[in-house]
2 protein chains.
Amino acid sequence: MEPIQTLPLRDRVINALRDAIVNGELVPGQALVGTELANQIGVSQATLRDAIYALSLEGLVETVAYHVSTVKTLSKKDIEDLFSVRSMLESYAIRQIVAAGQAAAAVSELYAICDEMEGAAEQDSLTDLNRIDRMFHDTLIDFSGNQLLAVLWNSVAQRVQQVLSLSNQQQENLRQIVLNHREIAQVIENEDAEAAVGLMNTHISFVADEICGNWHQIALGTNGGQ
Amino acid sequence: MEPIQTLPLRDRVINALRDAIVNGELVPGQALVGTELANQIGVSQATLRDAIYALSLEGLVETVAYHVSTVKTLSKKDIEDLFSVRSMLESYAIRQIVAAGQAAAAVSELYAICDEMEGAAEQDSLTDLNRIDRMFHDTLIDFSGNQLLAVLWNSVAQRVQQVLSLSNQQQENLRQIVLNHREIAQVIENEDAEAAVGLMNTHISFVADEICGNWHQIALGTNGGQ
DNA sequence: CAATTACTGATTGTCGACAATGTGGCGCGG
DNA sequence: CCGCGCCACATTGTCGACAATCAGTAATTG
């Protein structure tokens, strides 16, 4: 059995707010007024303030002393930077996996995830596919064996999820995505790190360009970008 | 003139604790008891706890619910991971600078920093040299133009500074360090990114091996590693 | 005598109230 | 009519007190 862990109230508030942000329920630029949210959620202002402050440290919220906190706005350049950094982290992970001889162990899990992904694709469930997609990349990072990398990745992956949620990604073909991932897993199985990195970067760049191209209208929907 | 900004008390406490940790005044494994520290520093327990929680998000402090927080212990593998990630971030920055044609602008600042570094080396001031060394690498990151990278770097650079403080780095020759940095700046000036990356990685690996080799006795001084 | 349970002391988590700070509007003087 | 300064409101920041939880110890029971 899994241990029943009662997270501190503050942590639960943090998780709730973070989920709301990365799922696009709280849009960039939206004000997070302490007194309102505290009453709405049902916690004290101090507890909520801690949560907001924690999210500001994670970079999801912008706070200025004695001013209302807002969900961080995302400029086009922020998106470019985000996907660029993402490529760097994943490329590093792939190279480490191959160099450490962990390729076989990793792909065995990656293939299993691809199978799950295929199931979601057949049901046209975008939310499930996104969730499993993240599992794929999390697995890649974990098998690098670098825990600090995992910490940095977590921060980046959150923002990626947020961007994906905001851009209603008119994902062309869900099955194509599954194929892309399976392809990457195959190349890793062959221990060809550079080929895998190339595929990964191409894949990420494609998605990034797709989103950046339509970003103005997404950002305009909220507060005008900048 | 610079605007006089009165930081909130909580942020000042955070900065004070963070400085104490990265400068080695608070050693890994040391307990951070709320009531004690609050009285000692002269703030309320709530404010101090916020600060401790913030530092736990930065990864400098380990907290378990309803348990005493401690300064995060650093295993040998943590150090290896740290310097490995550091290499990744800086390599990325160098490649971006050269690719974006920012090499000339960057090296002009880097050379100036090297001059300052030389002054510190002549006075055998290790603390000054460390401070200027960080400026060098911060500049490198900043000129990459990627703000998200700067955020991740900040987190990594803090830990690096902590490790350097803890290992009383019997720095062989301070002037040699200056030469190493100047050499890197020169290669960047030639727009040879890969050569610069090679030099940088060699330099970082050397320092990392040096520290890892003697890490057990450093960690043992506090709580036994692990 | 051993294992379990209940208690005690210490520490962290949560809260409501109060102080500090910033913003917008009103009134006054030019 | 315009500009300046003052005032009240809203929001954030800080605090001390109380509740929840944990580790270690002593008492209890088979």
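The structure presented is a predicted model; accordingly, all values stated were derived computationally and were not measured. In what follows, chains are A, B, ... by sequence order, proteins preceding strands, each numbered from 1.
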Please state whether the phosphate of D:dT12, meaning OP1 or OP2, lies under 4.0 angstrom from any side-chain nitrogen or oxygen of A:Thr63.
-> no

How long is the gap from CG on B:Asn130 to CE on B:Met135, to the nearest 0.5 Å?
-> 13.0 Å

B:Ser44 and B:Thr47: side chain donor to acceptor below 3.5 Å = yes

B:Arg159 and B:Asp78 ion-paired at < 4.0 Å | no

side-chain N/O B:His67 vs C:dG13 OP1/OP2, d < 4.0 Å | no

In whole angstrom, give the distance that lies between atom CD1 of B:Ile41 and atom C1' of D:dT14.
-> 15 Å

B:Ala120 and B:Asp128: which non-hydrogen atoms are nearest, and at how many Å?
-> CB-CB, 3.9 Å

Specify the residue among A:Ala65 and A:Gly42 whose closest nucleotide of DNA chain C lies further upstream toward the 5′ end.
-> A:Gly42

Rounded to whole angstroms, how far apart are OH on A:Tyr66 and P on C:dT21?
-> 5 Å

Between A:Leu9 (CG) and D:dA19 (P), how many Å, whole number?
-> 17 Å

Whole-Å distance separating the CG atom of B:Asp11 from the P atom of D:dT12 = 15 Å

Could you tell me whether the phosphate oxygens of C:dT12, OP1 or OP2, come under 4.0 Å of any side-chain nitrogen or oxygen in B:Thr35?
-> no

By nearest nucleotide on DNA chain C, pick out whichever of A:Arg49 and B:Val33 is the more 5' one.
-> B:Val33

Taking atom P of C:dG13 as reference, at what distance in whole Å does atom CG of B:Leu48 sit?
-> 11 Å

Check every strand shown and say whether A:Ile52 touches a base, only sugar-phosphate, or nothing at a heavy-atom separation below 4.0 Å.
-> nothing

Would you mind reading off the distance between A:Arg10 atom CZ and D:dT21 atom P, rounded to a whole angstrom?
-> 15 Å

Provide, to the nearest angstrom, the distance between the CG atom belonging to B:Leu7 and the C1' atom belonging to C:dT21.
-> 14 Å

Roughly how many Å is it from CG in A:Leu32 to P in D:dG13, rounded to a whole number?
-> 13 Å

Are B:Glu90 and B:Arg86 ion-paired here, with the side-chain N under 4.0 Å from a carboxylate O?
-> yes

What's the closest nucleotide to the B:Ala46 side chain, out of C:dT11, D:dG16, D:dG13?
-> D:dG16

